[in-house]
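All residue numbers refer to positions in the sequence shown, counting from 1.
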Amino acid sequence: MANQKLLLLSDTHFPAEHPDYFKWIKKIKSLTKWTQVIHLGDLADMGSLSFYDSSAEMDSPVIEINKAKKSIRKLEKLFPKMDILYGNHDIRVTRKAEKYGIPREYIKDLNHILDIKANWNWHEKLIVKLTNGNRVFFTHHFKSSVLQSSKELGCSFVSSHMHTRAETFYWSSPTSLNFAMVIGSSINPKHENFRYQKHFIKRPIISVASIGYSGYCQPCIHSMPLDNNGRWTGQV
């Protein structure tokens, strides 16, 4: 596949996405013809199902999931075919069920829960072979050091989960040049679901990533340019 170009989305946390997310991601989509789209997880936030203390102003689970479905409908129209990884927020329903001893047979899968109609395939992990012969291991989260994770796995590695980090590292072996990349997020830090982050010193980095867009099998991070009010400038 000579023109292999992967678009990597991450941590949309619907319905708590950045208010300009869909305008921005449409622009990103139009940059080129993407051969594969991969979402690195945390499609939905499900903040109302958190095990931790949460704001009393947050939506109830029913209201939150209905809002998330509306955002998912928009993403389905943009990307009717997509591979998607389970994030820690995506499995909150399953974790709640396990805590109270509810068997898996009683729980619907995420496509049913989120009413997903598109051809989206869920994965615990995903390995993609690039046209240069190198393999890339995708997962929502493995270790805080993506470079260490990549070296431990012995191949290129991409993860997300850490909203305040978006960076790429390279390392070589006698047989290949590998990269380790962590993508930021697509959240609205002012959303009620992220009120707990209000006093954090580090702020989320709004970004997606790609492989092959900037050069042959090369990784690239596409950050959202923001103005002083935290809104998208319209540039990519």
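For the atom pair CD1 (I72) and CG (L110), the distance works out to 9.0 Å, reported to the nearest 0.5 Å. Put simply, CD on Q218 and CG on L177 are 7.0 Å apart, with the number rounded to the nearest 0.5 Å. To the nearest 0.5 angstrom, S172 atom OG is 14.5 Å from F179 atom CZ. Atom-to-atom distance recorded for I205:CD1 and S223:OG is 8.0 Å, nearest 0.5 angstrom. Put simply, CD1 on I38 and CG on L6 are 5.0 Å apart, with the number rounded to the nearest 0.5 Å. Between T233 atom OG1 and M224 atom CE the span is 9.0 Å, to the nearest 0.5 Å.
The side-chain heavy atoms of I107 and V93, taken from C-beta on, include a pair separated by under 4.5 Å. Contact annotation: the side chain of H161 never approaches that of L40 to less than 4.5 Å [non-hydrogen atoms, C-beta and beyond]. In this structure the side chain of F138 never reaches within 4.5 angstrom of the side chain of D83, judged on heavy atoms. The side-chain heavy atoms of I183 and I221, taken from C-beta on, include no pair separated by under 4.5 Å. The side-chain heavy atoms of S185 and I206, taken from C-beta on, include a pair separated by under 4.5 Å. In this structure, the side chains of P15 and K70 stay at 4.5 Å or more apart for every pair of heavy atoms. Side-chain atoms of L75 and W120, non-hydrogen and from C-beta on, do get closer than 4.5 Å to each other. Under the 4.5 Å side-chain criterion, counting only non-hydrogen atoms from C-beta, P19 is not in contact with W232.
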query: Does the pair F79 and L9 meet the rule for a side-chain contact (heavy atoms from CB on, under 4.5 Å), with working shown?
result: CA-CA 11 Å; F79 306 109; L9 313 179; 4.0 Å; yes
- request: For the pair V208 and I25, evaluate side-chain contact (heavy atoms from CB on, under 4.5 Å) and give the outcome as yes or no after the intermediate values.
  value: CA-CA 9 Å; V208 294; I25 209 66; 3.8 Å; yes
- prompt: Could you walk me through whether S160 and H140 pass the side-chain hydrogen bond (donor to acceptor under 3.5 Å, both in side chains) check?
  reply: CA-CA 5 Å; S160 55; H140 180 67; 3.1 Å; yes
task: Assess whether side-chain contact (heavy atoms from CB on, under 4.5 Å) is satisfied between K81 and Q36, documenting all intermediate values.
output: CA-CA 8 Å; K81 184 177 181 180; Q36 185 175 5; over 6 Å; no
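Put simply, V62 and I116 are part of two different groups of oily side chains (I, L, V, M, F, W, Y) that touch within less than 4.5 Å, one to the next. I63 and F194 are not part of a single hydrophobic cluster, where members link through side-chain heavy atoms under 4.5 Å apart. Both M181 and L126 belong to a single network of hydrophobic side chains, linked directly or stepwise wherever heavy atoms of I, L, V, M, F, W or Y lie under 4.5 Å apart. Hydrophobic clustering (ILVMFWY, side-chain heavy atoms < 4.5 Å, transitive): L7 and I211 are in distinct clusters. Grouping the Ile, Leu, Val, Met, Phe, Trp and Tyr side chains by contacts below 4.5 angstrom, directly or via other members, places L114 apart from L85.
Counting only N and O atoms by type, the side chains of H163 and H13 include a donor and acceptor under 3.5 Å apart. Inspection of the H141 and S159 side chains reveals no N or O donor paired with an N or O acceptor under 3.5 Å.
Formation of a donor-acceptor pair under 3.5 Å by the R165 side chain with backbone atoms of S144 is found in this model. Proximity of a side-chain donor or acceptor of Q4 to a complementary backbone N or O of G212 within less than 3.5 Å is not detected. A donor-acceptor contact shorter than 3.5 Å links the side chain of D90 to the backbone of D42. Using modelled atom types, no side-chain atom of W24 and backbone atom of P225 make a donor-acceptor pair closer than 3.5 Å. The closest donor-acceptor contact from the side chain of S173 to the backbone of T175 lies under 3.5 Å. Within the 3.5 Å criterion, the main-chain N or O of L78 finds a donor-acceptor partner in the side chain of K29. Formation of a donor-acceptor pair under 3.5 Å by the Y21 side chain with backbone atoms of N188 is not found in this model. Within the 3.5 Å criterion, the main-chain N or O of N178 finds no donor-acceptor partner in the side chain of N134.
Note: Y213 and W34 meet the aromatic proximity criterion, with ring centroids under 6.0 Å apart.
Chaining together hydrophobic side chains whose heavy atoms lie under 4.5 Å apart places V146 alongside I127, F137, F142, L147, L153, F157, M162, F169, W171, V182.
For residues 8-24, every residue pair satisfying the salt bridge (charged side-chain N to carboxylate O under 4.0 Å, His left out) rule, not counting sequence neighbours, is listed here: D20-R231. Sorted by first and then second residue, the pairs that involve residues 138-159 and meet salt bridge (charged side-chain N to carboxylate O under 4.0 Å, His left out), not counting sequence neighbours, are K143-E152.
Listed by chain and number, the residues in a ring pair (Phe, Tyr, Trp, His ring centres under 6.0 Å) with F14 are F22 (sequence neighbours excluded). Residues that satisfy the side chain to side chain donor-acceptor pair (under 3.5 Å) test with S207, not counting sequence neighbours, are absent from this structure. For the side chain to side chain donor-acceptor pair (under 3.5 Å) test, residues two or more places apart in sequence or in another chain that qualify with W122 are N111.
The minimum heavy-atom distance linking P80 with A118 is given by the pair O-CB, 3.4 Å. Nearest approach of G184 to A166, heavy atoms of both residues: N-CB, 3.8 Å. Closest of all the heavy-atom pairs between T32 and K5 is OG1-NZ, 3.0 Å.
None of H89, R92, H191 except one satisfies the side-chain hydrogen bond (donor to acceptor under 3.5 Å, both in side chains) rule with D45; the exception is H89.
Look at K67 and E64 and you find no salt bridge, because none of the NZ, NE, NH1 or NH2 atoms lies under 4.0 Å from a carboxylate O.
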